[in-house]
Protein chains: 2
Amino acid sequence: MLSVSTLEKDKQKYHHGDLRNTLIQIGTEMLIESGADELSLRKIAQRAGVSHNAPYQHFADKNALLAAIAEEGFRLLGDAIDEALQNSQTLSPHARLLAVSRAYVAFALQYPTHLQLMFGAFASETYPSLANRSHQTLAKLMSVVAELEQAGQLAENPIYDVGMVVWIALHGLSVILNAGKIPDYIRQDRTPEILVNQFIDMICKGLLK
Amino acid sequence: MLSVSTLEKDKQKYHHGDLRNTLIQIGTEMLIESGADELSLRKIAQRAGVSHNAPYQHFADKNALLAAIAEEGFRLLGDAIDEALQNSQTLSPHARLLAVSRAYVAFALQYPTHLQLMFGAFASETYPSLANRSHQTLAKLMSVVAELEQAGQLAENPIYDVGMVVWIALHGLSVILNAGKIPDYIRQDRTPEILVNQFIDMICKGLLK
DNA sequence: ACCTGAACACCGTTCAAGT
DNA sequence: ACCTGAACACCGTTCAAGT
């Protein structure tokens with residue numbers, strides 16, 4: 001696991017230039033563990049073994065660190081989607097769409113505070129690499145839509161719009177599930193996985209006659 | 001814009017028993033003006049002309065006040081939807097669905113921090129009246145779906161599921177628009193209104209052949 | 001260039017006390 | 001019952017200083 005070169009790189013630990021990534025990593029862990037309210041610059045710094053002021057060497061303010069943690073969140077989500085694509089290689093484009101959809105919602109339920117942070121209001125101009133990461137994530141959804149297109153299964157809509165519609169549905173479902181806002185009389189005894197499958201299928205087939 | 005009628009129904013001022021509603025109203029205003037970061041219990045109390053401790057007479061903690069402000073947000077959203085229904089009485093069920101959809105997204109874009117608060121993680125058991133309000137809002141969406149049903153235009157899906165699918169799409173689009181996460185190559189020069197119309201229509205007709 | 005420590009203005013919350 | 005004021009532990013941020 002640890003090669004010599006890795007060790008040498010590790011020699012340049014945060015005391016010599018890698019504090020930035022350490023802070024992002026610790027922030028990510030703390031966000032997963034304790035939620036957004038407990039996430040303070042001072043606690044992150046303390047856990048990194050550094051004074052509460054050191055972060056300002058690498059981030060303009062707390063918001064900049066949060067943006068970096070959000071960016072890391074998009075990387076994690078991207079990994080989850082890639083894994084779903086990997087595990088569904090033999091299946092049909094439609095089944096792969098459902099697999100990716102379940103992966104999206106599963107990520108959302110596993111890392112609710114991350115999702116909230118990722119879709120918080122970070123200005124794209126101020127945090128361009130965050131915007132970039134979110135676009136890369138969307139691109140993974142688009143690739144599945146492209147498979148449907150190549151299989152000749154798409155109705156007459158711009159392919160990018162199809163991808164966006166899938167995205168807004170997945171994201172809306174994720175947020176509403178996390179907020180606990182699906183009434184019991186609708187939810188019944190369906191798991192999130194079943195809800196994703198059924199709702200995405202309804203969208204594929206259309207709501208009206 | 002901001003209806004205060006319900007909150008003003010009690011003639012007793014906050015010095016005589018209406019501090020609770022005053023705090024909710026001031027909190028609502030401050031959230032609209034300055035965003036969620038600036039929203040502190042102490043500032044709300046100060047603006048209400050009361051000590052920073054008085055709010056604890058009416059709310060267990062800051063979170064409880066936030067939940068009440070979120071609840072007020074659902075009331076405002078409900079008013080916006082009602083207004084859209086009022087203004088589209090002569091139109092077809094389908095056109096009314098689009099009108100309500102535009103109203104939802106318009107509200108989201110006008111009060112982005114409210115929307116975030118409304119869909120934050122407030123436990124339904126701890127804040128039952130908040131959960132109730134959100135269910136009432138969903139019911140307004142359901143009423144339009146019921147019109148489609150009565151007009152015989154619905155495909156073979158549980159009616160509640162149809163309403164939920166509309167809701168997740170509207171909410172996902174709202175969050176993603178507020179987060180500024182639609183890439184320019186997709187957004188092109190379309191306004192939010194046009195995006196809502198087109199995306200909801202795509203969902204009505206179906207994405208696949 | 002990178003980090004520390006003191007200081008400042010603010011925050012949510014608790015407690016004792018006042019009416 | 002409703003509100004106040006002092007106190008506590010925390011926070012983000014700035015500044016001067018140390019290596």
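Quick note: numbers below take in every heavy atom, side chains included, and nothing from hydrogens, waters or symmetry partners. Quick note on labels: first sequence line is chain A, next is B, and so on, each numbered from 1.
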| task | Check step by step if ring pair (Phe, Tyr, Trp, His ring centres under 6.0 Å) holds for Phe74(A) and Phe107(A). | result | CA-CA 10 Å; Phe74(A) 274 109; Phe107(A) 173 88; 8.6 Å; no
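For Gln57(B), counting side-chain heavy atoms from C-beta on, the closest listed nucleotide (dT13(D), dC2(D), dC3(C)) is dC2(D). For Ala54(A), the listed nucleotide lying nearest its side chain is dC3(C); candidates were dG12(C), dC3(C), dT13(D). Of the candidates dC3(D), dC3(C), dT13(C), dC3(D) carries the atom nearest the Val50(B) side chain, counting heavy atoms from C-beta on. Closest to the His52(B) side chain, of the nucleotides dA7(D), dT4(D), dG12(D), is dA7(D). Taking the side chain of Asn53(A) as heavy atoms from C-beta on, and the options dT13(D), dT13(C), dT4(D), the nearest nucleotide is dT13(D). Which of dC11(C), dA7(D), dA6(C) sits closest to the side chain of Lys43(B) comes down to dC11(C). Counting only heavy atoms from C-beta on, Arg42(B) has its side chain closest to dA7(D) among dC11(D), dA7(D), dA7(C). Listed nucleotides: dC3(C), dT4(D), dG12(D). Nearest to the side chain of Leu19(A): dC3(C).
In this entry the distance linking CG of Leu66(B) with C1' of dT13(C) reads 15 Å, nearest Å. As a whole-Å value, the separation of Gln46(B) CD from dC10(C) C1' is 12 Å. For the pair Leu23(B) CG and dG12(C) P, the computed distance is 13 Å after rounding to whole Å. Following rounding to the nearest Å, Leu65(A) (CG) and dG12(D) (P) show an atom-to-atom distance of 10 Å. Rounding to whole angstrom units, CG of residue Asp61(A) and C1' of dC11(D) are separated by 14 Å. We find that CG of Asn63(B) is positioned 13 Å from C1' of dT13(C), with the value rounded to whole Å. One can place CG of Asp37(B) at 12 Å from P of dC11(C), the figure rounded to the nearest angstrom. The nearest whole Å value for the distance from the CG atom in Leu41(B) to the C1' atom in dC11(D) is 16 Å.
Comment: Asp161(B) engages Arg190(A) in a salt bridge, judged by a side-chain N to carboxylate O separation of less than 4.0 angstrom. Taking a cutoff of 4.0 Å between a charged side-chain nitrogen and a carboxylate oxygen, Lys43(B) and Glu33(B) do not qualify as a salt bridge.
Phe122(A) approaches Leu117(A) most closely through the heavy-atom pair CE1-O, 3.2 Å. Of all the heavy atoms in Ile44(A) and Gly27(A), the pair that sits closest is CD1-CA, 3.9 Å.
At the heavy-atom level, Ser40(B) lies under 4.0 Å from the strands shown only through sugar-phosphate atoms.
A close approach under 4.0 Å does not occur between any side-chain nitrogen or oxygen of Tyr56(A) and OP1 or OP2 of dC3(C).
Across all strands shown, dT13(C) forms a Watson-Crick or G-U wobble pair with dA7(D), both key distances being under 3.5 Å.
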